[in-house]
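Notes follow once the structure below has been shown.
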Number of protein chains: 2
Amino acid sequence: MNKTSEQKQQIKLAVDCIIFGFNNNRLELLLIHRGFEPEKGKWSLIGGFVGNDEDLDDAANRVLYDLSGLENIYMEQVRTFGKADRDSSGRVVSTTYSAMILKSEYNEERVGKYDAKWFPLDELPELIFDHDEMVGSAVRRLRRRVRNFPIAFNLLPAKFTLPQLQMLYEGILSETLDKRNFRRKVSQMNYLVRLEEKDMSESRKGAYFYTFDEELYKKELNFNL
Amino acid sequence: MNKTSEQKQQIKLAVDCIIFGFNNNRLELLLIHRGFEPEKGKWSLIGGFVGNDEDLDDAANRVLYDLSGLENIYMEQVRTFGKADRDSSGRVVSTTYSAMILKSEYNEERVGKYDAKWFPLDELPELIFDHDEMVGSAVRRLRRRVRNFPIAFNLLPAKFTLPQLQMLYEGILSETLDKRNFRRKVSQMNYLVRLEEKDMSESRKGAYFYTFDEELYKKELNFNL
DNA sequence: ATTTACAAGTGTTTATTGTACACTTGTAAA
DNA sequence: TTTACAAGTGTACAATAAACACTTGTAAAT
(Lines give C-alpha, C1' and ligand atoms only; values in the text may rest on other atoms or scores of the structure.)
Protein backbone atom coordinates (compact mmCIF):
# COMPACT_ATOMS: atom_id res chain seq x y z
CA MET A 1 0.00 0.00 0.00
CA ASN A 2 1.15 3.49 -0.60
CA LYS A 3 -1.27 6.30 -0.93
CA THR A 4 -2.68 8.07 2.06
CA SER A 5 -6.35 7.34 2.30
CA GLU A 6 -8.96 9.95 1.62
CA GLN A 7 -11.60 9.18 4.20
CA LYS A 8 -11.86 6.74 7.02
CA GLN A 9 -11.93 3.17 5.86
CA GLN A 10 -14.81 1.13 7.25
CA ILE A 11 -14.17 -2.42 6.20
CA LYS A 12 -14.18 -5.36 8.53
CA LEU A 13 -11.80 -8.21 7.98
CA ALA A 14 -12.82 -11.78 8.68
CA VAL A 15 -11.59 -15.31 8.16
CA ASP A 16 -13.60 -18.38 7.20
CA CYS A 17 -12.40 -21.93 7.67
CA ILE A 18 -13.18 -24.78 5.32
CA ILE A 19 -12.69 -27.98 7.30
CA PHE A 20 -12.62 -31.22 5.35
CA GLY A 21 -13.24 -34.65 6.79
CA PHE A 22 -13.64 -38.10 5.29
CA ASN A 23 -16.38 -40.54 6.19
CA ASN A 24 -18.26 -43.35 4.46
CA ASN A 25 -15.93 -42.92 1.53
CA ARG A 26 -17.10 -39.39 1.02
CA LEU A 27 -15.53 -36.02 1.53
CA GLU A 28 -17.36 -34.04 4.17
CA LEU A 29 -17.39 -30.47 5.36
CA LEU A 30 -17.80 -29.13 8.88
CA LEU A 31 -20.43 -26.41 9.09
CA ILE A 32 -22.00 -24.53 11.92
CA HIS A 33 -25.57 -23.56 12.44
CA ARG A 34 -26.01 -19.85 12.43
CA GLY A 35 -27.89 -18.81 15.53
CA PHE A 36 -28.40 -15.13 14.82
CA GLU A 37 -29.58 -12.67 12.22
CA PRO A 38 -29.09 -12.08 9.40
CA GLU A 39 -29.46 -15.46 7.76
CA LYS A 40 -30.33 -17.03 11.11
CA GLY A 41 -30.93 -20.77 10.83
CA LYS A 42 -28.81 -21.24 7.73
CA TRP A 43 -25.50 -23.00 7.79
CA SER A 44 -22.16 -21.35 7.41
CA LEU A 45 -18.44 -21.91 7.42
CA ILE A 46 -16.58 -21.43 10.66
CA GLY A 47 -15.74 -17.77 10.59
CA GLY A 48 -15.05 -14.70 12.64
CA PHE A 49 -13.35 -11.35 12.71
CA VAL A 50 -9.64 -10.77 12.84
CA GLY A 51 -8.22 -9.23 16.01
CA ASN A 52 -6.40 -5.93 15.86
CA ASP A 53 -3.04 -7.38 16.79
CA GLU A 54 -3.55 -10.83 15.43
CA ASP A 55 -1.76 -12.30 12.43
CA LEU A 56 -4.26 -13.33 9.80
CA ASP A 57 -3.11 -16.96 10.05
CA ASP A 58 -3.47 -16.87 13.82
CA ALA A 59 -6.95 -15.43 13.52
CA ALA A 60 -8.00 -18.40 11.43
CA ASN A 61 -6.74 -20.80 14.08
CA ARG A 62 -8.26 -18.88 16.95
CA VAL A 63 -11.63 -18.63 15.24
CA LEU A 64 -11.55 -22.33 14.48
CA TYR A 65 -10.81 -23.07 18.12
CA ASP A 66 -13.46 -20.69 19.44
CA LEU A 67 -16.18 -22.11 17.28
CA SER A 68 -15.31 -25.77 17.17
CA GLY A 69 -12.79 -26.57 19.87
CA LEU A 70 -10.35 -27.80 17.23
CA GLU A 71 -6.77 -27.03 18.18
CA ASN A 72 -3.36 -27.25 16.51
CA ILE A 73 -4.81 -27.73 13.09
CA TYR A 74 -2.60 -26.89 10.15
CA MET A 75 -4.52 -24.58 7.85
CA GLU A 76 -3.54 -22.99 4.59
CA GLN A 77 -4.82 -19.81 3.08
CA VAL A 78 -6.99 -20.30 0.04
CA ARG A 79 -8.09 -16.91 -1.22
CA THR A 80 -9.77 -13.67 -0.25
CA PHE A 81 -13.34 -12.72 -1.05
CA GLY A 82 -13.89 -9.03 -1.34
CA LYS A 83 -17.04 -8.11 -3.23
CA ALA A 84 -18.52 -4.99 -1.67
CA ASP A 85 -21.93 -6.60 -1.21
CA ARG A 86 -20.94 -10.13 -0.32
CA ASP A 87 -22.09 -9.92 3.29
CA SER A 88 -25.56 -8.54 3.80
CA SER A 89 -24.73 -7.35 7.30
CA GLY A 90 -22.13 -4.82 6.19
CA ARG A 91 -18.82 -4.49 4.46
CA VAL A 92 -16.75 -7.52 5.29
CA VAL A 93 -13.79 -8.89 3.39
CA SER A 94 -12.99 -12.47 4.25
CA THR A 95 -9.92 -14.62 3.74
CA THR A 96 -10.53 -18.35 3.58
CA TYR A 97 -8.36 -21.04 5.09
CA SER A 98 -8.71 -24.75 4.73
CA ALA A 99 -7.66 -27.81 6.66
CA MET A 100 -8.18 -31.55 6.65
CA ILE A 101 -8.90 -33.34 9.88
CA LEU A 102 -9.62 -36.81 11.12
CA LYS A 103 -13.34 -36.92 11.45
CA SER A 104 -13.33 -39.76 13.96
CA GLU A 105 -11.48 -37.55 16.41
CA TYR A 106 -14.08 -34.90 16.06
CA ASN A 107 -17.19 -36.93 16.38
CA GLU A 108 -20.86 -36.22 16.88
CA GLU A 109 -20.48 -35.69 20.61
CA ARG A 110 -17.89 -32.95 20.42
CA VAL A 111 -19.52 -31.48 17.34
CA GLY A 112 -22.86 -31.16 19.06
CA LYS A 113 -21.56 -28.81 21.72
CA TYR A 114 -20.80 -26.25 19.08
CA ASP A 115 -23.91 -26.60 17.00
CA ALA A 116 -21.70 -27.92 14.25
CA LYS A 117 -22.39 -30.71 11.83
CA TRP A 118 -20.63 -32.69 9.14
CA PHE A 119 -22.15 -32.68 5.66
CA PRO A 120 -21.10 -34.73 2.66
CA LEU A 121 -19.83 -32.40 0.00
CA ASP A 122 -22.59 -33.32 -2.42
CA GLU A 123 -25.34 -32.82 0.14
CA LEU A 124 -24.55 -29.40 1.48
CA PRO A 125 -27.37 -27.33 2.89
CA GLU A 126 -27.91 -23.79 1.73
CA LEU A 127 -25.01 -21.65 2.89
CA ILE A 128 -24.98 -17.99 3.79
CA PHE A 129 -23.52 -15.25 1.61
CA ASP A 130 -20.86 -16.47 -0.81
CA HIS A 131 -19.81 -19.44 1.27
CA ASP A 132 -20.65 -21.85 -1.53
CA GLU A 133 -18.13 -20.07 -3.73
CA MET A 134 -15.61 -20.33 -0.94
CA VAL A 135 -16.22 -24.04 -0.70
CA GLY A 136 -15.88 -24.37 -4.45
CA SER A 137 -12.51 -22.71 -4.57
CA ALA A 138 -11.25 -24.70 -1.60
CA VAL A 139 -12.33 -27.96 -3.20
CA ARG A 140 -10.64 -27.08 -6.47
CA ARG A 141 -7.47 -26.22 -4.62
CA LEU A 142 -7.65 -29.43 -2.63
CA ARG A 143 -8.04 -31.51 -5.78
CA ARG A 144 -5.04 -29.82 -7.32
CA ARG A 145 -2.81 -30.18 -4.30
CA VAL A 146 -3.76 -33.67 -3.25
CA ARG A 147 -2.03 -35.09 -6.33
CA ASN A 148 1.30 -33.47 -5.64
CA PHE A 149 1.59 -33.27 -1.89
CA PRO A 150 1.08 -35.87 0.81
CA ILE A 151 -1.70 -33.94 2.49
CA ALA A 152 -4.55 -36.40 2.24
CA PHE A 153 -3.08 -38.45 5.08
CA ASN A 154 -4.48 -35.88 7.46
CA LEU A 155 -7.88 -37.31 6.71
CA LEU A 156 -6.91 -40.83 7.74
CA PRO A 157 -5.81 -42.35 11.03
CA ALA A 158 -2.07 -42.84 11.59
CA LYS A 159 -2.47 -46.45 10.47
CA PHE A 160 -4.44 -46.96 7.29
CA THR A 161 -4.76 -49.56 4.57
CA LEU A 162 -4.23 -49.12 0.86
CA PRO A 163 -7.89 -49.79 0.01
CA GLN A 164 -8.74 -47.01 2.46
CA LEU A 165 -6.22 -44.67 0.89
CA GLN A 166 -7.49 -45.39 -2.58
CA MET A 167 -11.09 -44.79 -1.60
CA LEU A 168 -10.02 -41.53 -0.02
CA TYR A 169 -8.45 -40.42 -3.25
CA GLU A 170 -11.45 -41.52 -5.24
CA GLY A 171 -13.65 -39.58 -2.87
CA ILE A 172 -11.61 -36.41 -3.10
CA LEU A 173 -11.16 -36.50 -6.84
CA SER A 174 -14.57 -38.02 -7.46
CA GLU A 175 -13.27 -40.37 -10.07
CA THR A 176 -12.36 -44.03 -9.87
CA LEU A 177 -8.73 -45.08 -9.97
CA ASP A 178 -7.18 -48.27 -11.23
CA LYS A 179 -6.16 -50.40 -8.26
CA ARG A 180 -2.95 -51.73 -9.74
CA ASN A 181 -1.74 -48.42 -11.09
CA PHE A 182 -2.59 -46.78 -7.79
CA ARG A 183 -0.71 -49.37 -5.79
CA ARG A 184 2.30 -49.27 -8.07
CA LYS A 185 2.67 -45.56 -7.44
CA VAL A 186 2.22 -46.02 -3.72
CA SER A 187 4.84 -48.75 -3.63
CA GLN A 188 7.37 -46.32 -5.11
CA MET A 189 6.93 -44.02 -2.13
CA ASN A 190 9.39 -45.29 0.40
CA TYR A 191 7.93 -43.08 3.06
CA LEU A 192 4.72 -45.10 3.00
CA VAL A 193 5.81 -48.00 5.17
CA ARG A 194 3.94 -51.25 5.53
CA LEU A 195 3.40 -52.55 9.04
CA GLU A 196 3.20 -56.20 10.01
CA GLU A 197 -0.29 -55.68 11.34
CA LYS A 198 -3.37 -56.22 9.26
CA ASP A 199 -6.80 -54.69 9.36
CA MET A 200 -9.17 -57.65 9.53
CA SER A 201 -12.35 -55.64 9.80
CA GLU A 202 -13.08 -55.19 6.14
CA SER A 203 -12.27 -58.55 4.64
CA ARG A 204 -11.47 -62.17 5.41
CA LYS A 205 -7.99 -61.84 4.03
CA GLY A 206 -7.17 -58.63 5.84
CA ALA A 207 -5.33 -55.59 4.48
CA TYR A 208 -1.93 -54.51 5.65
CA PHE A 209 -1.69 -51.28 7.58
CA TYR A 210 0.62 -48.56 6.35
CA THR A 211 1.89 -45.35 7.89
CA PHE A 212 3.13 -42.14 6.39
CA ASP A 213 6.65 -41.42 7.62
CA GLU A 214 7.10 -37.66 7.63
CA GLU A 215 10.86 -37.81 8.16
CA LEU A 216 11.42 -40.14 5.25
CA TYR A 217 9.21 -37.98 3.07
CA LYS A 218 11.33 -34.92 3.80
CA LYS A 219 14.30 -36.66 2.23
CA GLU A 220 12.53 -37.22 -1.06
CA LEU A 221 9.98 -34.43 -1.20
CA ASN A 222 8.27 -35.87 -4.14
CA PHE A 223 4.79 -37.18 -4.33
CA ASN A 224 2.59 -38.03 -7.22
CA LEU A 225 -0.71 -39.81 -7.43
CA MET B 1 -17.66 -14.67 9.39
CA ASN B 2 -19.98 -15.35 12.21
CA LYS B 3 -19.22 -14.17 15.67
CA THR B 4 -20.03 -10.70 16.79
CA SER B 5 -16.80 -8.86 17.41
CA GLU B 6 -15.69 -7.93 20.87
CA GLN B 7 -14.19 -4.51 20.37
CA LYS B 8 -13.89 -2.22 17.42
CA GLN B 9 -11.72 -3.62 14.71
CA GLN B 10 -8.96 -1.29 13.52
CA ILE B 11 -7.41 -2.94 10.52
CA LYS B 12 -6.86 -1.27 7.20
CA LEU B 13 -7.23 -3.21 4.04
CA ALA B 14 -4.99 -2.57 1.05
CA VAL B 15 -4.12 -4.03 -2.32
CA ASP B 16 -0.71 -4.29 -3.95
CA CYS B 17 -0.17 -4.86 -7.65
CA ILE B 18 2.65 -6.90 -9.09
CA ILE B 19 3.04 -5.80 -12.71
CA PHE B 20 5.22 -7.93 -14.94
CA GLY B 21 6.79 -6.80 -18.17
CA PHE B 22 9.31 -8.32 -20.55
CA ASN B 23 12.31 -6.54 -21.97
CA ASN B 24 15.78 -7.48 -23.19
CA ASN B 25 14.79 -11.09 -22.72
CA ARG B 26 14.26 -10.56 -19.05
CA LEU B 27 11.23 -10.45 -16.84
CA GLU B 28 10.77 -7.04 -15.29
CA LEU B 29 8.69 -5.55 -12.54
CA LEU B 30 7.08 -2.14 -12.35
CA LEU B 31 7.84 -0.38 -9.06
CA ILE B 32 7.16 3.08 -7.74
CA HIS B 33 9.37 5.32 -5.76
CA ARG B 34 7.99 5.97 -2.35
CA GLY B 35 7.88 9.70 -1.72
CA PHE B 36 6.78 9.76 1.88
CA GLU B 37 7.54 8.33 5.30
CA PRO B 38 7.92 5.70 6.54
CA GLU B 39 10.43 4.06 4.25
CA LYS B 40 10.63 7.20 2.12
CA GLY B 41 12.96 6.78 -0.83
CA LYS B 42 12.64 3.04 -1.03
CA TRP B 43 10.76 1.29 -3.81
CA SER B 44 7.45 -0.42 -3.47
CA LEU B 45 4.74 -2.21 -5.36
CA ILE B 46 1.84 -0.23 -6.65
CA GLY B 47 -0.53 -0.25 -3.73
CA GLY B 48 -3.29 1.60 -1.95
CA PHE B 49 -6.25 1.26 0.33
CA VAL B 50 -9.54 -0.30 -0.56
CA GLY B 51 -12.56 1.98 -0.76
CA ASN B 52 -15.52 1.40 1.52
CA ASP B 53 -17.87 0.45 -1.29
CA GLU B 54 -15.34 -0.91 -3.67
CA ASP B 55 -14.99 -4.57 -4.65
CA LEU B 56 -11.54 -5.81 -3.80
CA ASP B 57 -10.85 -6.58 -7.47
CA ASP B 58 -11.97 -3.11 -8.46
CA ALA B 59 -9.75 -1.56 -5.84
CA ALA B 60 -6.74 -3.24 -7.38
CA ASN B 61 -7.60 -1.82 -10.79
CA ARG B 62 -8.35 1.63 -9.47
CA VAL B 63 -5.13 1.78 -7.47
CA LEU B 64 -3.19 0.61 -10.49
CA TYR B 65 -4.76 3.36 -12.56
CA ASP B 66 -4.25 6.05 -9.94
CA LEU B 67 -0.59 5.29 -9.49
CA SER B 68 0.46 4.31 -12.97
CA GLY B 69 -2.18 5.39 -15.45
CA LEU B 70 -2.59 1.79 -16.59
CA GLU B 71 -6.16 1.00 -17.53
CA ASN B 72 -8.17 -2.09 -18.44
CA ILE B 73 -5.51 -4.45 -17.23
CA TYR B 74 -6.60 -7.95 -16.38
CA MET B 75 -5.31 -8.76 -12.91
CA GLU B 76 -5.64 -11.89 -10.82
CA GLN B 77 -5.55 -12.21 -7.11
CA VAL B 78 -2.46 -13.89 -5.76
CA ARG B 79 -2.72 -14.04 -2.00
CA THR B 80 -3.26 -12.01 1.13
CA PHE B 81 -0.56 -10.92 3.54
CA GLY B 82 -1.74 -10.45 7.05
CA LYS B 83 1.05 -10.50 9.63
CA ALA B 84 0.19 -8.07 12.39
CA ASP B 85 3.53 -6.26 12.11
CA ARG B 86 4.07 -6.40 8.37
CA ASP B 87 3.56 -2.67 7.81
CA SER B 88 5.52 -0.42 10.14
CA SER B 89 2.99 2.39 9.75
CA GLY B 90 0.12 0.51 11.37
CA ARG B 91 -2.07 -2.53 10.98
CA VAL B 92 -2.58 -3.16 7.30
CA VAL B 93 -3.62 -6.37 5.63
CA SER B 94 -2.90 -6.43 1.93
CA THR B 95 -4.16 -8.57 -0.91
CA THR B 96 -1.85 -8.89 -3.90
CA TYR B 97 -2.88 -8.93 -7.53
CA SER B 98 -0.72 -9.52 -10.53
CA ALA B 99 -0.84 -8.72 -14.20
CA MET B 100 1.35 -8.94 -17.26
CA ILE B 101 1.57 -6.01 -19.60
CA LEU B 102 3.31 -5.02 -22.77
CA LYS B 103 6.22 -2.99 -21.61
CA SER B 104 6.62 -1.12 -24.87
CA GLU B 105 3.20 0.41 -24.41
CA TYR B 106 4.17 1.65 -21.03
CA ASN B 107 7.51 3.18 -21.79
CA GLU B 108 9.93 5.41 -19.98
CA GLU B 109 8.02 8.53 -20.84
CA ARG B 110 4.70 7.48 -19.33
CA VAL B 111 6.45 5.75 -16.46
CA GLY B 112 8.35 8.87 -15.52
CA LYS B 113 5.22 10.87 -14.79
CA TYR B 114 4.38 8.52 -11.98
CA ASP B 115 7.81 8.14 -10.48
CA ALA B 116 7.65 4.55 -11.57
CA LYS B 117 10.40 2.40 -12.98
CA TRP B 118 10.92 -1.00 -14.50
CA PHE B 119 13.42 -3.30 -12.80
CA PRO B 120 14.65 -6.66 -14.05
CA LEU B 121 13.53 -9.29 -11.60
CA ASP B 122 17.06 -10.21 -10.63
CA GLU B 123 18.08 -6.62 -10.02
CA LEU B 124 15.34 -5.42 -7.75
CA PRO B 125 16.11 -2.61 -5.34
CA GLU B 126 15.31 -2.95 -1.68
CA LEU B 127 11.57 -3.04 -1.25
CA ILE B 128 9.48 -1.85 1.66
CA PHE B 129 7.81 -4.09 4.20
CA ASP B 130 7.16 -7.62 2.95
CA HIS B 131 6.95 -6.65 -0.70
CA ASP B 132 9.79 -8.97 -1.60
CA GLU B 133 7.75 -11.88 -0.26
CA MET B 134 4.81 -10.67 -2.31
CA VAL B 135 6.96 -10.61 -5.42
CA GLY B 136 8.24 -14.08 -4.62
CA SER B 137 4.80 -15.59 -4.37
CA ALA B 138 3.63 -13.83 -7.52
CA VAL B 139 6.63 -15.11 -9.46
CA ARG B 140 6.08 -18.66 -8.27
CA ARG B 141 2.45 -18.45 -9.25
CA LEU B 142 3.38 -17.01 -12.64
CA ARG B 143 5.85 -19.81 -13.30
CA ARG B 144 3.24 -22.38 -12.42
CA ARG B 145 0.50 -20.85 -14.52
CA VAL B 146 2.50 -19.92 -17.56
CA ARG B 147 2.94 -23.59 -18.42
CA ASN B 148 -0.74 -24.39 -18.45
CA PHE B 149 -2.46 -21.26 -19.59
CA PRO B 150 -1.83 -18.99 -22.55
CA ILE B 151 -1.16 -15.95 -20.39
CA ALA B 152 2.36 -15.10 -21.41
CA PHE B 153 1.11 -13.59 -24.66
CA ASN B 154 0.11 -10.52 -22.68
CA LEU B 155 3.79 -9.73 -22.43
CA LEU B 156 4.28 -9.74 -26.19
CA PRO B 157 2.91 -7.58 -28.99
CA ALA B 158 -0.05 -8.96 -30.94
CA LYS B 159 2.37 -10.19 -33.58
CA PHE B 160 5.37 -12.05 -32.28
CA THR B 161 7.88 -14.58 -33.56
CA LEU B 162 8.64 -18.00 -32.17
CA PRO B 163 12.19 -17.07 -31.16
CA GLN B 164 10.64 -14.21 -29.20
CA LEU B 165 8.12 -16.47 -27.57
CA GLN B 166 10.76 -18.97 -26.61
CA MET B 167 12.98 -16.33 -25.10
CA LEU B 168 10.02 -15.07 -23.15
CA TYR B 169 9.44 -18.50 -21.69
CA GLU B 170 13.10 -18.92 -20.95
CA GLY B 171 13.05 -15.56 -19.20
CA ILE B 172 10.02 -16.36 -17.12
CA LEU B 173 11.09 -19.86 -16.14
CA SER B 174 14.77 -18.94 -16.02
CA GLU B 175 15.81 -22.10 -17.71
CA THR B 176 16.76 -22.81 -21.30
CA LEU B 177 14.40 -24.76 -23.51
CA ASP B 178 15.14 -26.98 -26.47
CA LYS B 179 14.21 -25.15 -29.64
CA ARG B 180 12.84 -28.15 -31.52
CA ASN B 181 10.83 -29.48 -28.61
CA PHE B 182 9.47 -26.03 -27.93
CA ARG B 183 8.42 -25.53 -31.52
CA ARG B 184 6.85 -28.94 -31.78
CA LYS B 185 4.56 -28.10 -28.89
CA VAL B 186 3.74 -24.71 -30.35
CA SER B 187 2.89 -26.24 -33.70
CA GLN B 188 0.29 -28.43 -32.02
CA MET B 189 -1.54 -25.36 -30.83
CA ASN B 190 -3.87 -24.50 -33.65
CA TYR B 191 -4.73 -21.19 -32.06
CA LEU B 192 -1.20 -19.96 -32.61
CA VAL B 193 -1.52 -18.96 -36.24
CA ARG B 194 1.38 -18.14 -38.52
CA LEU B 195 1.10 -15.00 -40.58
CA GLU B 196 2.62 -14.50 -44.01
CA GLU B 197 4.65 -11.61 -42.72
CA LYS B 198 8.16 -11.99 -41.40
CA ASP B 199 10.13 -10.07 -38.83
CA MET B 200 13.35 -9.15 -40.63
CA SER B 201 14.84 -7.14 -37.80
CA GLU B 202 16.59 -9.91 -35.96
CA SER B 203 18.08 -12.02 -38.71
CA ARG B 204 18.85 -12.19 -42.40
CA LYS B 205 16.43 -15.01 -42.93
CA GLY B 206 13.61 -13.44 -41.02
CA ALA B 207 11.21 -15.10 -38.59
CA TYR B 208 7.54 -15.60 -39.26
CA PHE B 209 5.12 -13.64 -37.16
CA TYR B 210 2.45 -15.50 -35.22
CA THR B 211 -0.66 -14.39 -33.39
CA PHE B 212 -2.59 -15.89 -30.56
CA ASP B 213 -6.21 -16.42 -31.62
CA GLU B 214 -8.35 -16.17 -28.49
CA GLU B 215 -11.48 -17.54 -30.18
CA LEU B 216 -9.73 -20.62 -31.48
CA TYR B 217 -8.17 -21.18 -28.08
CA LYS B 218 -11.58 -21.21 -26.41
CA LYS B 219 -12.53 -24.21 -28.50
CA GLU B 220 -9.62 -26.29 -27.28
CA LEU B 221 -8.86 -24.84 -23.88
CA ASN B 222 -5.71 -26.74 -23.57
CA PHE B 223 -2.25 -25.39 -23.37
CA ASN B 224 0.99 -26.95 -22.38
CA LEU B 225 4.56 -25.79 -22.67
C1' DA C 1 -12.25 -81.26 7.00
C1' DT C 2 -13.96 -79.06 3.03
C1' DT C 3 -16.20 -75.56 0.64
C1' DT C 4 -17.58 -70.91 -0.09
C1' DA C 5 -17.45 -66.02 -0.31
C1' DC C 6 -14.92 -61.97 -0.89
C1' DA C 7 -11.78 -58.28 -0.57
C1' DA C 8 -6.61 -57.97 -0.94
C1' DG C 9 -3.01 -58.34 -3.67
C1' DT C 10 -0.14 -58.83 -7.93
C1' DG C 11 2.55 -57.81 -13.78
C1' DT C 12 2.58 -57.05 -18.40
C1' DT C 13 1.59 -54.70 -22.57
C1' DT C 14 0.54 -50.58 -25.07
C1' DA C 15 0.01 -45.63 -25.70
C1' DT C 16 1.39 -41.14 -24.63
C1' DT C 17 4.51 -37.78 -23.45
C1' DG C 18 9.04 -35.91 -22.61
C1' DT C 19 13.93 -35.44 -23.78
C1' DA C 20 18.21 -35.33 -26.21
C1' DC C 21 20.52 -34.15 -30.19
C1' DA C 22 22.77 -31.62 -35.43
C1' DC C 23 22.15 -30.22 -39.86
C1' DT C 24 19.85 -27.32 -43.69
C1' DT C 25 17.70 -23.00 -45.28
C1' DG C 26 16.87 -18.27 -46.54
C1' DT C 27 18.40 -13.68 -46.84
C1' DA C 28 21.26 -9.32 -46.59
C1' DA C 29 25.61 -7.56 -46.72
C1' DA C 30 30.32 -7.88 -48.07
C1' DT D 1 29.58 -15.19 -55.56
C1' DT D 2 30.65 -15.77 -50.93
C1' DT D 3 29.89 -15.16 -46.11
C1' DA D 4 27.59 -14.81 -41.80
C1' DC D 5 23.88 -15.98 -38.97
C1' DA D 6 19.53 -16.77 -36.96
C1' DA D 7 15.37 -19.52 -38.45
C1' DG D 8 13.73 -23.68 -39.20
C1' DT D 9 13.27 -28.85 -39.26
C1' DG D 10 12.93 -34.78 -37.64
C1' DT D 11 14.20 -38.93 -35.34
C1' DA D 12 15.39 -42.11 -31.79
C1' DC D 13 15.28 -43.16 -26.92
C1' DA D 14 13.49 -42.78 -22.15
C1' DA D 15 10.04 -42.12 -18.88
C1' DT D 16 5.48 -42.01 -17.55
C1' DA D 17 0.63 -43.08 -17.87
C1' DA D 18 -3.16 -46.20 -18.87
C1' DA D 19 -5.57 -50.46 -19.75
C1' DC D 20 -6.54 -54.89 -18.32
C1' DA D 21 -7.83 -60.23 -15.18
C1' DC D 22 -6.43 -63.64 -12.32
C1' DT D 23 -4.59 -65.57 -7.71
C1' DT D 24 -4.35 -65.48 -2.64
C1' DG D 25 -5.49 -65.61 2.19
C1' DT D 26 -8.79 -66.02 5.72
C1' DA D 27 -13.28 -66.54 8.38
C1' DA D 28 -17.58 -68.48 8.30
C1' DA D 29 -20.73 -71.98 6.85
C1' DT D 30 -21.48 -76.67 5.85
Query raised in the report: For DNA chain D, which residues in residues 174-186 of chain B have a heavy atom at a distance below 4.0 Å?
Result: Lys179(B), Arg180(B), Arg183(B), Arg184(B)
Requested in this report: First locate atom CZ of Phe223(A), then atom CZ of Phe212(A), and finally report the distance between them rounded to the nearest 0.5 Å.
Outcome: 7.5 Å
Requested in this report: Would you kindly give the CZ-to-C1' distance between Arg147(A) and dA17(D), to the nearest whole Å?
Outcome: 12 Å
Report summary line: Whole-Å distance, Asn224(B) CG to dT19(C) C1', equals 14 Å
Query raised in the report: What nucleotide, of dA17(D), dG26(C), dG9(C), holds the atom closest to the side chain of Pro163(A)?
Result: dG9(C)
Query raised in the report: Rounded to the Å, how far apart are Tyr208(A) OH and dT10(C) C1'?
Result: 13 Å
Query raised in the report: Charged N to carboxylate O below 4.0 Å: is that the case for Asp130(A) and Lys83(A)?
Result: no
Report task. May I ask you to decide whether Glu76(A) forms a salt bridge with Arg145(A), counting only side-chain N to carboxylate O separations under 4.0 Å? Result -> yes
Query raised in the report: In whole Å, what is the span from the CE atom of Met200(A) to the P atom of dA8(C)?
Result: 11 Å
Query - Ionic contact status for Lys117(A) with Glu123(A), cut-off 4.0 Å - result: no
Query raised in the report: Toward the 5' end of DNA chain C, which comes first, Arg204(A) or Lys198(A), by nearest nucleotide?
Result: Arg204(A)
Query raised in the report: Around atom CD of Glu126(B), are there more than 12 heavy atoms of other residues, nucleotides or ligands at under 6.0 Å?
Result: no
Query raised in the report: Does atom CD of Glu109(B) have more than 12 heavy-atom neighbours, drawn from other residues, nucleotides or ligands, at distances under 6.0 Å?
Result: no
